[in-house]
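Just so it is clear, the structure is predicted and the values come from calculations on it, not from any experiment. Values reported hereafter were calculated over all heavy atoms of this structure, with side chains retained and with hydrogens, waters and symmetry mates removed. Every chain is numbered from 1 and lettered A, B, ... according to where its sequence line falls, protein lines coming before strand lines.
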Amino acid sequence: MADHRHEPHRYDPQEIEPRWQAVWAEEKTWEVTNEPFDGKSSYILVMLPYPSGEPHIGHLKVYTVGDAIAHFHRRRGEQVLNPMGYDAFGLPAENHAIATGVHPRDSTAASIAAFRRQFRRWGVSIDWSRELATNDPAYYRWTQWIFLELLRAGLAYKKNAAVNWCPVDATVLANEQVIDGRCDRCGSEVETRQLEQWLFKTTAYAQRLLDDLDTIDWPEHVKTMQRNWIGRSEGALVTFRSEDDPAVGYDVFTTRPDTLFGATFFVMAPEHPDVLKLADGGPHEAEVRAYVDAARAAPNDERSAAERPKTGVPLGRNVINPVNGEPIPIWVADYVLISYGTGAIMAVPGHDDRDHAFATVYGLPIRRVIDGGDGDLPYTGDGRLVNSHADFDGLPNREALTRIIAWLAENGRGERSINYRLRDWLVSRQRYWGCPIPVVYCDGCGLVPVPADQLPVILPDVEDYAPHGRSPLAAAEDWVATTCPTCGGPARRETDTMDTFVDSSWYFLRYCDPHNDEAAWDPAAVNRWMPVDQYIGGIEHAILHLMYARFFTKALADLGHLDFQEPFAALFTQGMITRDGAKMSKSKGNVVSPGPLVDRYGVDTARAYILFIGPPDQDADWSDEGLEGVHRFLGRLWRLAAETADAAPVGDSGTAALGATGDPPSDPAGADLELVRKAHWAIDKVTHDMDGRFAFNTAIAAVMELINDCSRLRESASGPAMRFALATAASLIFPFAPHTATDAFHLLTGRRVWEEPWPVADPKLLETDTFELVCQVMGKLRDRVEAPTGASRDELEALALAAPNVQAHIAGREIVKVVVVPGKLVNLVVR
RNA sequence: GCCCGGGUGGCGGAACGGUAGACGCGGCUGACUUAAAAUCGGCUGUCCUACGGGCAUGUGGGUUCGAAUCCCACCCCGGGCACCA
């Protein structure tokens, strides 16, 4: 039989990858305990997937990014928590059930199995002992407990309100789930309905959600999106009293109390509760009724189109402007929104675009009260007050604003006020596949929370999953009919389920203590890991999930269950992978499936390519050729390692002299020195690219450079130097291509790279004896000369002046200035 | 309209205010091979009168010895918010 050592080496990821995965699974390499740890701990968390079908390329990207970070931290001696779970309640599984009759529990379980299989095939370093699924009663029992805690604190409440209704999904939606007047799931036009619904009081946390953004290390654009969503406005609440009955007053919120003297009419939203009352018996009663009915029936997105001509109807009554006693007419108009401020406004057509447009249509008076602009109204900028009152005329409007608020407050006509765009989070869903809301309704006791020791309220099986305007659970009569926990009398269960964003608003806490059946978590376990050191996920969650999880954390902290205010200390949002410049979709036929890709090239190639393609926070376009390039690189690395190991296998007698340990030669020179230096340069480069940055693309490029040098110096460098350089390359590529790196490192050294500390660059080897001195004349590159490292400014200047091409460019000219950047360049300024 | 990002070779992308284009792809070319694949090397921004030089980082200005990088104005692309008073 031929000596296998002399056969050509073939890089075979299909053999290498499962072999090491088996070791990691067998030894439970990535599991961590909650026992106290002396060193540093890191919680590296990737947003949990919604299990639907098979994982796609976006999943591969996000878990590859998370895994690279987790591995890097581990190799630096930290204990790393890197868990996995499934956001398993939700509409797609339920819609699938409606179409096929397969229970969502079964299709979800099948999909979870597929995800789990893929994650193992991808070699992601997950602590599988902490795996969870949000549809598991052992999990949602505590989702229900949190609901009850919020209820106890008055942060969960029920109210009859105008809500966003999706006619296709037949359920209500949170404000955040309505995009351009459409359902963010199915795209159908959202209607308004009046319904009794559960809400969480996110508005109580508006200011803290805003303030604490300053305490977390998140991308600025994500913070900006959250700030805009919270939408804080400073201004005043001003009371306008009825002309007919001074006891009745209507509050308005305004950011421009400085323009109060320019208010020439008053407008209420069609939904304002007093509109019809005020119009009753007036000259426009019928007209007002028709207008209000039409406004209510109009679709949301039609209502909210800003370019639409302004419409409205006068109510035939007046209110008194509190600053000057002027009676001004009340109108109803749909450009005023019931959902913001008080649902009524003072209209200042001289200094507000919308009020101006309205006044123009109906011929209402337009008055200038702020000086400035090009003379045309409306003018919305700053200036001095005019036509207002002797006390304020002539003042800069910002100063007048403060004084007018003070005056209003002194006279009991208004006060300083802050308004937020943020609304309370509507969590009721009239759907089946979600967490049941744990309350019952008793004829005698009213609304009764299910006692904590009776949780979970188990989601029952039903025959018909289809929504019919009420929750499918309502049809489960045996389940709905229950007894009151308080009086023991007959009672009925709440049949709405919770928005799935509730489930995912606390899963990161459960990972810390996933098997606890006494409590949602042990505070010690949570404090062991939380807050998450690095959270990783898609930008599409910039508002919804990330806002809700922050709200939960703050509310639970206030209730004494948590010791911190923010769940995610740092956030990284990865970009999308496109193909041919477009989002991948089945209809476009441009989908890259991880399965076949991994079968063909191995997962390391796919992982390293995804990270090499560009900065991971940006969108990147897929290229099959680019993938091939990375595959060639990994093959080259592995083959060089196999050949080098072959020349002196680990364990052979006398290999110590050949550097079988992977240690560098003690006193390298010539090609050895060049190679050892390059290895240290790569250590330094990769470490900097990983540490606090996410520059995986340039880190991989640095290892490519090192491998290129190994290849180039193959004949001239010694065994130990080559072995050291290759072992270093394998060690550095490990976070990105863990299987190939592990195998190559093992061939070279007989050791396991994941148990090795992250290499440290030797500063002495980062320096060279000489450097290339850049010689510029007038800022333009004219020559390059060899200069000794550490040369003085004068020496460098002399070297530059002597450079032949510099001579040619300064001949016959006067040198007026010499700029020397030591270790870098000399720039000669001539006249 | 307002608020964020971003415009660099044929392509993806590099570049503490200091050699623009690292690394990879593609292309051209050589070695090996009966041949192909695989593999290993070389060249590759552009133009010119080519051992040198001009022009080049969306456009136009500015700051600086020196600008892809900083400042001002504008254009284009992507994203978010939008009748929010």
Side-chain angles (χ1 to χ4, degrees), chain A residues 8 10-11 179-180 219-229 231-233 235 252-256 259 263 267 269 303-308 310 333-337 339-348 351-355 357-358 380 419-422 539-540 542-543 575 609 612-615 617-630 632-633 635-636 639 685 688 695 697-705 707-708 711-712 714 772-784 804-805 808-809 816-821 823-830:
Chain A
R10 194 173 70 89
Y11 171 53
I179 311 293
D180 295 333
E220 206 47 53
H221 67 281
V222 176
K223 290 192 190 183
T224 302
M225 283 166 75
Q226 293 220 346
R227 285 190 191 107
N228 290 344
W229 191 262
R232 182 185 202 268
S233 293
V252 299
F253 173 74
T254 174
T255 56
R256 294 295 303 275
T259 63
V267 190
R303 261 279 304 264
S304 61
E307 318 77 45
R308 210 163 54 99
K310 298 276 181 288
D334 65 5
Y335 81 93
V336 174
L337 309 175
S339 57
Y340 185 79
T342 62
I345 62 154
M346 66 171 197
V348 184
H351 303 282
D352 180 276
D353 293 325
R354 299 150 301 178
D355 297 343
F358 190 84
T380 55
N419 230 282
Y420 301 91
R421 204 188 79 104
L422 184 73
I539 186 68
E540 67 273 19
I543 294 171
Y609 171 64
F612 181 65
I613 195 169
D617 55 334
Q618 288 175 24
D619 290 351
D621 206 57
W622 184 268
S623 144
D624 289 336
E625 291 79 16
L627 180 83
E628 296 268 5
V630 172
R632 282 197 284 272
F633 155 67
R636 203 153 51 231
R639 274 192 309 277
K685 174 76 178 148
H688 278 104
N697 55 333
T698 52
I700 292 168
V703 182
M704 285 176 169
E705 284 196 50
I707 288 299
N708 289 346
S711 197
R712 181 169 60 83
R714 193 164 16 170
E772 196 174 61
L773 178 69
V774 170
C775 306
Q776 296 178 332
V777 178
M778 300 298 284
K780 281 187 184 295
L781 173 72
R782 293 305 178 189
D783 217 331
R784 287 175 253 224
N805 204 38
H809 278 89
V816 294
K817 188 171 179 182
V818 180
V819 179
V820 181
V821 182
K824 205 99 188 180
L825 64 74
V826 173
N827 185 21
L828 303 168
V829 185
V830 297

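Atoms CD1 (A:Ile543) and C1' (B:G79) sit 11 Å apart, rounded to a whole Å. Atom CG in A:Leu781 sits roughly 13 Å away from atom C1' in B:G52 (whole-Å rounding). In this structure, A:Arg256 atom CZ and B:C83 atom C1' are separated by 17 Å, rounded to whole Å. Here B:C81 presents its P atom at 11 Å from CD1 of A:Ile539, a figure rounded to the nearest Å. In this structure, the CE atom of A:Met704 is 10 Å from the P atom of B:C23, given to the nearest Å. In this structure, the CG atom of A:Leu773 is 12 Å from the C1' atom of B:G18, given to the nearest Å. As rounded to whole Å, 10 Å separates atom P of B:C3 from atom CG of A:Asn228. Going from atom CG of A:Asp624 over to atom P of B:G26 covers 11 Å, rounded to whole Å.
When distances are taken from the side chain of A:Arg632 to each of B:G54, B:C81, B:G26, the shortest belongs to B:G26. Listed candidates were B:U39, B:C23, B:C55. Nearest to the side chain of A:Lys780 is B:C55. Checked against B:G26, B:A85, B:G52, the side chain of A:Ile345 finds its nearest nucleotide in B:A85. Distances were taken from every side-chain heavy atom of A:Arg714 (C-beta onward) to each of B:C40, B:G54, B:G18; the shortest belongs to B:C40. Of the candidates B:A85, B:C81, B:G24, B:G24 carries the atom nearest the A:Arg636 side chain, counting heavy atoms from C-beta on. Among B:C25, B:C23, B:C83, the nucleotide with an atom closest to any side-chain atom of A:Glu625 is B:C25.
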Show each protein N/O and nucleotides 62-66 of chain B N/O combination with a separation under 3.5 Å, one pair to a line.
{"from": "B:C65", "atom 1": "OP1", "to": "A:Lys817", "atom 2": "NZ", "distance (Å)": "3.4"}
{"from": "B:C65", "atom 1": "O2'", "to": "A:Asn827", "atom 2": "ND2", "distance (Å)": "3.3"}
{"from": "B:C65", "atom 1": "O2", "to": "A:Asn827", "atom 2": "ND2", "distance (Å)": "2.5"}

What pairs of nitrogen or oxygen atoms, one from the protein and one from nucleotides 4-15 of chain B, lie under 3.5 Å apart?
{"from": "B:G12", "atom 1": "O2'", "to": "A:Ile613", "atom 2": "O", "distance (Å)": "2.7"}
{"from": "B:G13", "atom 1": "O3'", "to": "A:Asn697", "atom 2": "ND2", "distance (Å)": "3.4"}
{"from": "B:A14", "atom 1": "OP1", "to": "A:Asn697", "atom 2": "ND2", "distance (Å)": "3.1"}

Check nucleotides 27-32 of chain B for protein N or O atoms closer than 3.5 Å to its own N or O atoms and list the pairs.
none

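For the OP1/OP2 pair of B:U39 and a distance below 4.0 Å, the side-chain nitrogens and oxygens of A:Arg10 include no atom meeting the criterion. Taking only side-chain nitrogens and oxygens, A:Ser711 comes nearer than 4.0 Å to OP1 or OP2 of B:G41. Contact between the side-chain N/O atoms of A:Asn708 and the OP1/OP2 oxygens of B:G24 is found at a separation under 4.0 Å.
In terms of position on RNA chain B, the residue among A:Ser623 and A:His809 whose nearest nucleotide sits closer to the 5' end is A:Ser623. With the nearest nucleotide of RNA chain B identified for both A:Val774 and A:Thr342, A:Val774 has the one nearer the 5' end.
Not counting sequence neighbours, A:Asn827 has no partner by the side-chain hydrogen bond (donor to acceptor under 3.5 Å, both in side chains) test. With sequence neighbours excluded, the residues satisfying salt bridge (Lys or Arg N to Asp or Glu O under 4.0 Å) with A:Glu220 are A:Arg227.
Residue-level contact check: A:Asn805 touches the backbone only, with heavy atoms under 4.0 Å from sugar-phosphate atoms and none from bases.
When the shell of 6.0 Å around NE2 of A:His688 is examined, it contains 12 or fewer heavy atoms from other residues, nucleotides or ligands.
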Whenever both distances are under 3.5 Å in a Watson-Crick or G-U wobble pair, mark it; put RNA chain B into dot-bracket that way, with [ ] for crossing pairs and | when the partner is on another strand. (((((((..(((.....[....)))((((((.......))))))((((...))))..(((((..]....))))))))))))....
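Annotation: cation-pi geometry satisfied between A:Lys310 and A:Tyr335 (NZ/CZ under 6.0 angstrom from ring centroid, within 45° of ring axis).
Distance noted for atom C1' between B:C70 and B:A85: 39 Å (whole Å).
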